[in-house]
Structures are given as C-alpha cells and as structure tokens.
Visitor: 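Below: one structure in structure tokens.
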Number of protein chains: 2
Amino acid sequence: MNDLANAPDLVSDSDEPKTLAETAYRQLRRDIIEGVHRPGDKLRVEHLKDQYEVGAGTLREALQLLVTDALVVAQGQRGFRVAPMSLDDFADITRTRVLLETSALQQSIELGDDAWEASVVAAFHMLSRAEDKLADGSKASREEWEMRNRAFHEALIGACPSRWIRHFQNILYHQSERYRRLSLFRQPIPRDVHAEHQAIVDAALARNGAEATRILSEHILRTLEAVRQLPADFIN
Amino acid sequence: MNDLANAPDLVSDSDEPKTLAETAYRQLRRDIIEGVHRPGDKLRVEHLKDQYEVGAGTLREALQLLVTDALVVAQGQRGFRVAPMSLDDFADITRTRVLLETSALQQSIELGDDAWEASVVAAFHMLSRAEDKLADGSKASREEWEMRNRAFHEALIGACPSRWIRHFQNILYHQSERYRRLSLFRQPIPRDVHAEHQAIVDAALARNGAEATRILSEHILRTLEAVRQLPADFIN
DNA sequence: TCAATAACTTTTCTCGAGATTTTTGTCTAT
DNA sequence: ATAGACAAAAATCTCGAGAAAAGTTATTGA
C-alpha cells in the first residue's frame with residue numbers, strides 16, 4: 001500500500017515550469033483563456049512556434065498538454081483547434097462544477113481541522129483586500145483578484161480528501177475562467193460577490209454543511225445567469 | 001451560439017487511430033491497464049521506442065496522451081512513470097465514480113427517450129451473452145466481457161446531456177479497470193453481477209431514478225469491497 | 001456553365017542527432 | 001565506516017529537416 005496521504009496532485013500546477021514545453025503551455029493557456037486565440041481558431045504549429053520561440057515538437061507537446069485541460073481539441077491528422085465556446089457548454093461546466101464542488105465542500109466541512117479553517121479565513125482575507133483594490137479600478141489588480149478568487153475556492157475544498165474531485169474541479173475552474181472573463185469585463189461588479197463569499201465562510205466555519213453548499217451552489221450558478229444576459233453574439 | 005446537441009466527445013475514443021502516436025498510445029494504455037508495465041515503473045523513452053516501433057518524439061506524444069487519462073504521471077525533466085496504485089486511490093476513484101455516475105443515470109432516466117431504452121436493453125443483452133460464454137471459462141471472452149460491461153454502463157448514462165460528466169466518468173472507468181482486473185482474475189465470478197445489472201435495467205426502464213441510482217451505487221461499491229479483500233501486498 | 005479530375009501548396013506528422021539535466025559510480029577525507 | 005564531492009553514464013529534452021496527408025487552385029470535358 002502506497003502512502004497517498006500527502007501525495008502530489010494529479011497534474012502539478014503550482015510548481016514552476018521546468019521545461020520549455022511547460023513554459024509554452026502556460027503562455028498558450030493564458031492566451032486562450034484571455035481570448036488572444038479565439039474559440040474555434042486553428043492553432044498552426046508552424047506559425048506558433050515562432051511566436052512562442054520554441055521548436056515544432058516542443059510546441060506540439062504544449063498543445064497536447066492543453067488537450068488535457070480541454071482548452072484545445074485535437075483531431076487526428078487535422079491539427080489542433082481552440083476548444084469552442086457555447087452557452088450550452090458553460091451551463092454544462094457550471095452544473096458539473098456545482099456537483100463536484102458542493103460534494104467537496106461538504107467533505108471539507110466534515111473533515112477539516114483548525115489549519116483548514118485558518119487557510120479559509122486567510123484566503124478570504126486576501127480576496128477581500130483584492131476586492132478593495134479592484135474598487136479603485138486598477139487594471140493590474142484584476143489579475144490578482146482572479147488568482148485570489150481561485151485560491152479562495154481551492155481553500156474551501158482544501159480539506160476534501162478526494163484527489164480526483166479536486167483534479168476535475170481544477171479543470172472545470174480553468175474552463176469557467178474563460179467564460180467568467182466575458183461577464184466580469186462587461187459588468188465590473190454586478191453583484192455583491194463579497195457578501196456571498198462571506199456567507200459561505202460563515203456557514204463553513206459553523207460546520208453547517210447544508211447551508212454552505214446551498215450558498216455555494218447559488219454563488220456558482222449566478223455566474224451562469226450573468227453570462228446568459230450577455231449579448232447573444234458576444235460569446236462567439 | 002454553437003450547436004452542441006450532437007457535439008463530439010471531448011476526447012475521441014471510439015474512432016480508429018489515425019496517427020502512429022495514437023496507435024502507440026492505445027497499445028501502451030492496454031499494457032498499463034493489463035499490468036505489463038507495473039505501477040510506479042519508469043517509462044524510458046529510449047527503451048520503449050524500439051518495443052513499440054515508433055520514433056522518440058512519437059512515443060513521447062503517446063505518453064503525453066496517457067497523462068490525460070492519468071494512467072501516466074510526468075515529472076518535469078525527470079521523465080514518465082506509470083501512475084501508482086493504492087487502495088486509497090481506488091476508494092477515491094470508486095466514490096467519485098458513484099457521485100458522477102448516479103447523477104448521470106438520474107438525468108438519463110429523466111430525459112431518456114425510446115431509443116435510449118432500446119440501447120440499454122440491447123447493451124444488457126450483449127453483456128448477458130458474454131456472461132454465458134464466460135461461464136464456459138474461455139479466455140478470449142473475458143476481453144469481450146470487459147468491452148460489453150463498459151458499453152452497458154455507457155448506455156445507461158447515454159441520455160445524460162452533460163458531456164463533462166461523461167468525460168470524467170470515462171476517465172474514471174479506465175482507472176477502475178486497472179483495479180477490477182485484479183479482483184476478477186482471482187475470483188472469476190464472485191458475486192451475482194448479472195442480477196445486479198438486471199435490477200438496474202428494471203429500475204431504469206420503470207423510470208425509478210432513486211431505486212436505479214441506489215442499486216448502481218451498491219453495484220460499484222461492491223467492487224471496492226472485492227479489492228479490499230485481496231491479499232494486502234497484491235496491489236503493489 | 002458546371003462538375004470532376006489533376007497538380008500544387010500548405011500543414012501535419014515523423015524521425016534521428018545534439019545539448020542539458022539527472023542519475024549512478026568512485027574516490028577521498030574525516 | 002560514513003559522508004561529501006567529483007566524474008562518468010544514462011536519460012530526458014530540444015531542434016530542424018524530410019515524408020505523408022489535407023486543403024486549394026487550376027484545368028479539362030460534358
């Protein structure tokens with residue numbers, strides 16, 4: 001029996017990139033999430049290898065890594081494309097996220113120790129500070145808010161012992177990030193996100209799993225509604 | 001808005017392999033699932049490229065594809081390894097499978113049409129025939145049973161509209177296949193699997209979601225118990 | 001004018017060799 | 001005898017060029 005208690009994640013994400021392929025992978029991933037390469041675009045190796053300053057085989061590996069995240073689709077013998085976006089897809093992503101993330105939060109609340117509580121409070125504090133800065137309208141802090149929002153959601157489910165749920169949740173979070181950028185750019189702070197986060201933290205620390213998962217569900221689903229109210233052709 | 005109703009799967013699996021890399025990928029996947037390459041083994045490119053008769057870069061791509069399935073883990077600058085196996089990991093896989101597969105089955109039962117019912121009945125019939133042959137103890141039919149068992153489980157959730165749930169379920173099924181082989185080789189037919197399948201089909205066709213998901217949960221979890229009762233060192 | 005075929009261009013896929021990094025083995029000094 | 005450091009070996013990672021396939025344009029015949 002292997003020791004799996006402190007096993008590493010299924011795909012390392014927090015580590016520094018140690019290979020050129022991984023560096024190109026991260027740049028490409030950011031460019032796809034930010035919309036530099038638009039959904040459905042063809043990703044030609046010959047063109048991109050110059051842009052990202054790596055060899056053809058290396059860029060190919062980077063693209064393969066993006067297939068794992070389902071940000072790129074590969075059709076045999078016909079190259080790579082940026083994964084398409086659609087409202088149906090986002091609805092699917094969101095609902096699946098709710099399914100996984102509520103289950104993970106429930107387990108976290110049941111199993112989390114003092115250190116977990118502390119990490120949740122800390123992540124919430126960091127996120128709150130970022131929201132303060134965001135109110136000023138600084139552009140650089142938007143990137144920071146994204147990272148801390150992600151860290152907050154990860155902290156919430158940090159005590160969930162299931163590596164698989166966390167792995168899948170990680171993939172879905174990347175996916176939804178693409179869509180969330182659409183809605184947040186248009187409506188800077190449309191809803192009281194802070195209050196929602198606060199309510200989740202309160203319920204979680206009170207070990208009220210039912211309440212915490214209920215609020216989290218609504219919180220996630222609200223982003224779906226926000227995207228639904230965008231102009232119909234904006235998603236393409 | 002893109003049409004996503006009949007969109008292709010996230011990773012094509014049923015299609016024929018159109019590239020050498022994909023051919024090598026399938027061979028490697030089978031060898032890993034069947035235990036030719038054991039958990040934790042190092043997968044040296046220089047050694048394997050001769051064995052699978054492809055170039056180094058091509059085999060590298062095949063390994064990258066296996067990382068997507070989490071059957072292989074890649075550590076930057078330190079090569080590839082067969083993903084380790086452990087009882088904790090299998091418990092995690094199984095519980096996550098239950099979470100996803102019951103949700104998918106519930107939706108299938110709610111949304112499935114006549115064609116879905118027919119595909120379930122057909123897959124169940126194929127599986128039953130394979131079980132008849134398996135009773136004779138033929139070796140070739142074991143492979144067949146695996147394929148049809150998989151097809152049966154896929155048919156059950158075939159009417160679930162969530163591509164993401166089906167995608168994740170697909171990955172987990174491959175994973176659990178590695179473990180299931182351990183238990184089924186030792187105890188040819190330890191439990192009345194046929195009756196369990198029959199009960200699921202009956203409840204599904206009766207549109208009794210609660211009953212169907214309950215039986216499916218127990219059905220999946222029973223495999224976990226079977227593996228738990230193996231000799232402790234057998235899993236390594 | 002339109003459809004089908006053929007030649008051409010672009011792109012993907014594949015391979016082997018060279019440069020870095022990790023691992024292994026040996027030797028020396030405390 | 002053990003620990004540390006240096007050197008040799010193995011493996012990984014990277015690159016550019018050649019082969020196969022897909023996509024595009026031009027030509028020919030009805």
Side-chain angles (χ1 to χ4, degrees), chain A residues 8 10-13 15-29 31-32 36-68 70-84, chain B residues 8 10-13 15-29 31-32 36-68 70-84:
Chain A
L10 264 51
V11 288
S12 58
D13 196 45
D15 302 334
E16 286 299 303
K18 285 303 171 200
T19 128
L20 275 186
E22 203 164 339
T23 306
Y25 156 69
R26 300 218 179 179
Q27 292 175 3
L28 261 167
R29 186 174 69 181
D31 287 347
I32 288 174
V36 177
H37 305 292
R38 309 213 3 222
D41 275 3
K42 209 149 188 338
L43 295 169
R44 294 181 187 80
V45 177
E46 296 301 312
H47 288 179
L48 267 56
K49 68 173 194 147
D50 303 324
Q51 187 173 343
Y52 292 92
E53 293 175 324
V54 291
T58 304
L59 185 69
R60 211 178 162 65
E61 257 188 47
L63 288 171
Q64 208 64 255
L65 286 171
L66 285 164
V67 172
T68 301
L71 287 169
V72 164
V73 291
Q75 351 181 20
Q77 215 73 290
R78 280 205 269 169
F80 299 88
R81 285 182 173 281
V82 179
Chain B
L10 265 52
V11 289
S12 57
D13 197 44
D15 302 333
E16 286 300 303
K18 285 301 170 201
T19 133
L20 277 186
E22 202 164 339
T23 306
Y25 156 70
R26 302 219 177 178
Q27 292 175 1
L28 262 166
R29 185 174 70 180
D31 286 348
I32 289 174
V36 177
H37 305 293
R38 310 218 353 228
D41 274 3
K42 207 151 189 341
L43 294 169
R44 295 179 186 81
V45 176
E46 296 301 313
H47 200 222
L48 266 56
K49 67 170 193 150
D50 302 325
Q51 186 173 344
Y52 292 91
E53 293 174 324
V54 291
T58 304
L59 185 68
R60 210 176 162 66
E61 255 187 48
L63 287 170
Q64 208 65 255
L65 287 172
L66 286 163
V67 173
T68 301
L71 286 168
V72 164
V73 291
Q75 343 178 25
Q77 216 71 294
R78 281 204 269 170
F80 299 87
R81 285 182 173 281
V82 178

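Proteins get letters first, then strands, A, B, ... in listed order; numbering begins at 1 in each. Everything quoted here is computed from the prediction, not taken from an experiment.
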Visitor: If you define the side chain from C-beta out and look only at heavy atoms, does anything of A:Gln64 sit under 4.5 Å from B:Leu65?
Guide: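 SC-SC contact between A:Gln64 and B:Leu65 confirmed.
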
Visitor: Identify which nucleotide among D:dT12, C:dT12, C:dT14 has an atom closest to any side-chain atom of B:Thr19, counting heavy atoms from C-beta outward.
Guide: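 Comparing D:dT12, C:dT12, C:dT14 against the side chain of B:Thr19, the answer is C:dT14.
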
Visitor: Side chain of B:Val54 only, please: which of D:dT12, C:dT12, C:dC15 is the nearest?
Guide: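 Looking only at heavy atoms from C-beta outward on B:Val54, the closest nucleotide is C:dC15.
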
Visitor: Return each pair, listed once, that meets salt bridge (charged side-chain N to carboxylate O under 4.0 Å, His left out) where at least one residue sits in residues 49-61 of chain A; pairs must be two or more places apart or across chains.
Guide: A:Arg60-B:Glu61, A:Glu61-B:Arg60

Visitor: Please give, in whole Å, the distance from D:dG16 P to A:Glu46 CD?
Guide: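 So the CD-P distance, A:Glu46 to D:dG16, works out to 11 Å.
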
Visitor: In whole angstrom, give the distance that lies between atom CD of A:Glu22 and atom P of C:dT21.
Guide: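 Whole-Å distance recorded here is 15 Å.
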
Visitor: Expressed in angstrom and rounded to an integer, what is the separation of A:Phe80 atom CZ from C:dT12 atom C1'?
Guide: 9 Å

Visitor: For B:Leu43, answer base if it contacts any base atom (sugar-phosphate contacts may also be present), sugar-phosphate if it contacts only those atoms, and nothing otherwise; contact means non-hydrogen atoms under 4.0 Å.
Guide: sugar-phosphate

Visitor: Of B:Lys42 and B:Gly55, whose closest DNA chain C nucleotide lies nearer the 5' terminus?
Guide: B:Gly55

Visitor: NZ of A:Lys49 versus P of C:dC13: gap in Å, rounded?
Guide: 15 Å

Visitor: Find the distance B:His47:NE2 to D:dA10:C1' and express it as a whole number of Å.
Guide: 13 Å

Visitor: Please report the distance, rounded to the nearest Å, between NZ in A:Lys18 and C1' in C:dT21.
Guide: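 Value for this atom pair: 12 Å.
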
Visitor: Can you measure from CG (A:Leu28) to CG (A:Leu48) and round to the nearest 0.5 angstrom?
Guide: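 One gets 6.0 Å once the value is rounded to the nearest 0.5 Å.
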
Visitor: Less than 4.0 angstrom between a side-chain N/O of B:Arg44 and OP1 or OP2 of D:dT12, yes or no?
Guide: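 So the side-chain polar atoms of B:Arg44 never come under 4.0 Å of the phosphate oxygens OP1 or OP2 of D:dT12.
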
Visitor: Which of these nucleotides, C:dT12, D:dT14, C:dC15, is closest to any side-chain atom of B:Leu20?
Guide: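 Nucleotide nearest to B:Leu20's side chain: C:dC15.
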
Visitor: Find out whether A:Val67 and A:Phe80 are in side-chain contact, i.e. whether some heavy atom of one side chain is under 4.5 Å from a heavy atom of the other.
Guide: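 They are in side-chain contact.
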
Visitor: At less than 4.0 Å, is any side-chain N or O atom of B:Thr58 found next to OP1 or OP2 of C:dC13? Yes or no.
Guide: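 So the side chain of B:Thr58 is outside the cut-off, no N or O lying under 4.0 Å from OP1 or OP2 of C:dC13.
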
Visitor: Say you draw a straight line from CD1 of A:Ile32 to NE2 of A:His37; how long is it, rounded to the nearest 0.5 Å?
Guide: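 Interatomic distance, A:Ile32 CD1 to A:His37 NE2, rounded to 0.5 Å: 6.5 Å.
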
Visitor: How is B:Ala21 classified with respect to the nucleic acid when contacts are heavy atoms under 4.0 Å: base, sugar-phosphate, or nothing?
Guide: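 Result for B:Ala21 = sugar-phosphate.
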
Visitor: Given atom OH of B:Tyr52 and atom P of C:dT14, what is their separation to the nearest angstrom?
Guide: 17 Å

Visitor: Can you check whether A:Arg78 has a side-chain N or O nearer than 4.0 Å to OP1 or OP2 of D:dG23?
Guide: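 Yes, because at least one side-chain N or O of A:Arg78 sits under 4.0 Å from OP1 or OP2 of D:dG23.
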
Visitor: In this structure, how many angstroms lie between the P atom of D:dC15 and the CG atom of A:Leu59, rounded?
Guide: 10 Å

Visitor: Indicate, with a heavy-atom threshold strictly under 4.0 Å, whether B:Gly79 touches base, sugar-phosphate, or nothing.
Guide: sugar-phosphate

Visitor: If you check the A:Gln77 side chain, which of C:dT22, C:dC15, D:dA21 turns out closest?
Guide: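 So the side chain of A:Gln77 is nearest to D:dA21.
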
